[in-house]
Amino acid sequence: MKQLFIVILLIMINACATQPGNFNYYQLGPDTAHNLPAKTSDLSSKHSVLLTVKVPDYLKQNKMVVQTGQHQLHFAQLHLWAQIPLKSIRAALVNEISPHDAPWYMVEHYKNAPAQPHYQLDINIQQFYPTDSGKAILQGTWLFFVDGKAHTKQHFNYTETLATDGFSHAVSQQYQLLQQLSADLNSYFGQKMQSAPRHLNQ
Amino acid sequence: MTDNDKQEVIHEAHAEELHNISKLWLLPIVAIFIGAWLVYYQISNRGQEITIYFSSAEGLEPGKTRIKTRHVDIGTVTAIQLRKNSPGVVVTARINQDETHLLREDTNLWIVTPRITLSGVSGLSTILSGPFIELTPGMSGKEQFTFEGLEDPPVTPAGTPGLHVTLNSDDEFAYKEGDPIIYKGLQVGQIEDIYFNLEERVVYYNAFIEAPYNQLITSNTRFWDTSGVRLELGAEGLMIHTGTVETLLTNGVTFGIPEGLSQGDTIQQRAYFDIHASQTDANARRYKHKARFALMIEDSVRGLKVGAPVEYRGLPIGEVEQINVVTEQKPGLLEEGYKIPIIIAIFPGMASFEDSPEGVQWVNEQITLWIQKGLRATLETGNIITGGQYVDLQNYENLESIEITKSSGLPVIPTISNEFAQLTQKISSILNKVNELPFESLAQNLNQTLQQLHTTAKTFEQSGQEINQLLQQTQEQALISQLNDALHALEVLANTYSGHSQTNAGINELLLEFQALMLELKPVLQRLNETPSSLVFPIETGQSDTLPRAKRN
């Protein structure tokens with residue numbers, strides 16, 4: 001009996017002595033902080049746009065994902081997101097679609113708006129990952145609401161080429177995809193706000 | 001032995017007369033005596049033959065139908081024949097020899113069959129046994145063997161102790177045999193038979209009062225009808241009279257001694273009494289002497305009836321005898337100023353005087369004296385609902401002395417209008433004065449006043465509406481302000497928990513972290529499921545993740 005106990009103990013010690021894997025953590029964000037607004041903005045003169053973001057399930061967990069086939073994804077075991085991607089994507093869009101000099105700004109919640117916004121932007125991301133064939137992809141649709149009624153719906157599909165291997169470069173390219181989407185939305189808002197002075201004057 | 005020897009031996013016969021009768025003859029002689037005795041015994045014990053006449057022999061059979069008294073067999077019907085020269089049957093029967101003493105002049109016989117009457121049910125035992133003839137023994141000392149059978153059982157068996165009375169009535173109500181005579185709710189007797197006197201046009205009822213109740217019948221006893229329910233609507237109001245339950249279905253007579261009268265002498269032999277319509281009527285007839293007066297009424301006599309009370313200051317002293325009697329009054333009924341003559345009777349006995357001619361004389365003198373001092377008669381309404389009236393006598397002061405007149409030979413008591421009539425006259429005079437008022441000018445003034453009042457009322461109404469609007473606006477503004485505050489509070493509360501609120505976002509983030517944790521645990525659980533040994537033994541770490549790759553040219 002005593003001998004059996006000693007054998008079991010040795011086996012468990014052996015298991016605990018196994019080397020853990022080398023994990024790598026990544027953050028979705030700009031390379032530097034130069035894009036963040038350095039000035040104080042007077043939000044009382046701007047119009048708020050309520051932003052909602054919907055993502056696939058693989059962007060609601062912290063394992064990095066890479067497309068290995070047309071309908072195949074690989075979940076990395078040792079490469080992880082430092083933060084759940086949904087939070088990072090939402091924060092990136094709020095920042096990128098709220099230029100400092102624009103007469104609008106994005107809010108994630110009602111409480112952050114002075115009143116219920118007249119505008120609402122729903123972004124539904126369907127694909128957002130790098131591939132093992134040298135591309136980073138961002139696909140989906142966005143829907144713009146005015147006073148609770150759907151005003152504009154548009155599909156988007158952005159692609160960036162991966163210059164080097166590895167997740168670090170891929171994350172950088174993925175953020176550029178979000179910046180392209182933000183730029184197109186800013187352009188749309190710029191035109192829409194000018195053609196609809198009624199809301200601006202309210 | 002030789003022939004000579006034989007001759008010598010033969011002697012001449014000597015004839016000798018027999019003087020004794022043979023004893024054998026005794027036997028038929030005894031038999032004859034016995035037979036004769038049996039015949040005599042049979043004849044002497046076969047009983048007394050009687051003859052009974054009935055109208056019908058329904059159910060009777062010769063040799064079977066029994067004659068009974070007190071449910072004891074005393075005889076048998078022997079023959080039934082039709083009666084000659086008259087309708088009916090002749091029933092011949094034999095009564096046992098020992099019971100012939102029952103056959104008397106007043107013996108009654110009748111056929112007992114099932115009988116159902118309002119008074120009860122009898123003879124049910126004969127449904128199975130068949131009819132029999134019931135005999136009630138007579139009390140007379142004279143024998144009789146031929147009887148007229150009764151159609152119905154006698155109401156009172158012969159020999160029952162009590163008192164026979166004869167009642168008579170000329171009213172509409174009628175009684176039949178067996179109807180009860182009630183005293184304080186108890187049946188003390190029955191109507192036995194009825195006789196209608198064509199000359200007098202009066203019905204006489206022979207009734208029997210059983211002992212010991214016969215002692216209640218005295219010279220002052222009064223009988224009155226108590227049939228069914230009797231309603232009386234008079235000056236004294238509505239009165240309901242009923243007898244027993246039996247008398248509700250049948251008729252009945254009750255009796256008593258009027259209040260104030262002595263018991264009187266006990267009646268020992270058959271006596272005659274009247275049946276009065278009611279107890280009131282019976283009581284009223286107790287006074288024998290009365291003083292009669294006339295009233296000449298100017299008012300309406302509607303509601304005044306014969307028998308209505310005459311009161312002196314509320315005390316009944318008499319009654320109305322006649323209304324609108326024929327007098328020597330000249331003007332006719334349809335002429336103006338016609339006074340309706342009424343005869344009233346005042347009973348000295350009712351007025352606490354002696355019920356005698358002397359009492360009548362005293363009342364006449366007293367009334368004459370009172371008339372001179374102001375006694376007047378009025379018609380008063382005794383019952384407002386029925387309108388029944390009565391005559392009220394009262395002394396009035398400060399009246400002019402008038403001379404006593406007579407009408408139809410009776411002294412006239414002067415009358416005055418009653419209070420209601422006086423009131424009616426006053427109202428009439430007031431109405432006449434009202435008619436003389438200048439109503440047209442008053443109406444014009446009244447119309448002008450009403451128009452002004454109408455204008456004033458309109459102005460007041462407009463002012464009221466404005467005030468109401470002002471108050472309503474004030475209230476609505478305050479209410480709207482409160483509602484706005486409440487809605488704003490509700491909105492803030494809704495925003496706090498709405499889909500894009502910070503609270504909701506916090507909950508969503510918490511759920512996301514929980515979901516991420518579950519996603520991390522899922523591969524671990526999957527690995528354990530695939531390689532359970534990995535929990536204890538180390539696994540190969542040589543494998544590596546697939547990485548994104550740069551685009552190859």
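Note that the structure is predicted; figures quoted are calculated from it, not measured. Each chain gets a letter, A, B and so on, in the order the sequences are listed, and its residues count up from 1. All values below were derived from every heavy atom in this structure, side-chain atoms included, with hydrogens, water molecules and symmetry-related copies excluded.
Interface residue A/T131: only backbone heavy atoms are found under 4.5 Å from chain B. With a threshold of 4.5 angstrom between heavy atoms, A/A163 approaches chain B through N, CA, C or O but not through any side-chain atom. The part of A/H74 that comes within reach of chain B is its side chain, from C-beta onward, which places non-hydrogen atoms under 4.5 angstrom from that chain. In this structure, chain B has a heavy atom under 4.5 Å from the side chain of A/L86, while its backbone stays farther away. If you measure heavy-atom distances from A/T161 to chain B, the contacts under 4.5 Å come from the side chain alone.
Between A/V171 and A/Y26, the shortest heavy-atom distance links the atoms CG2-CB, 4.0 Å.
Listed options A/A136, A/P130, A/G166 were ranked by heavy-atom pairs under 4.5 angstrom with chain B; first place goes to A/G166. With respect to chain B, the highest number of heavy-atom pairs below 4.5 Å among A/D165, A/I84, A/D132, A/V66 belongs to A/D165.
Considering only heavy atoms from C-beta on, B/Q444 stays 4.5 Å or farther from B/L446 through its side chain.
A donor-acceptor contact closer than 3.5 angstrom is absent between the side chains of A/Y119 and A/H47.
Rounding to the nearest 0.5 Å gives a distance of 10.5 Å between CZ of A/F144 and CG of A/D122.
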For residues 465-488 of chain B, dump all side-chain donor-acceptor pairs below 3.5 Å to protein atoms at least two apart in sequence or in another chain.
unit_1: B/N468; atom_1: ND2; unit_2: B/G464; atom_2: O; d: 3.3
unit_1: B/T474; atom_1: OG1; unit_2: B/L470; atom_2: O; d: 2.9
unit_1: B/N484; atom_1: ND2; unit_2: B/I480; atom_2: O; d: 3.4

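Every salt bridge (charged side-chain N to carboxylate O under 4.0 Å, His left out) that A/K87 has, sequence neighbours left out, goes to B/E513.
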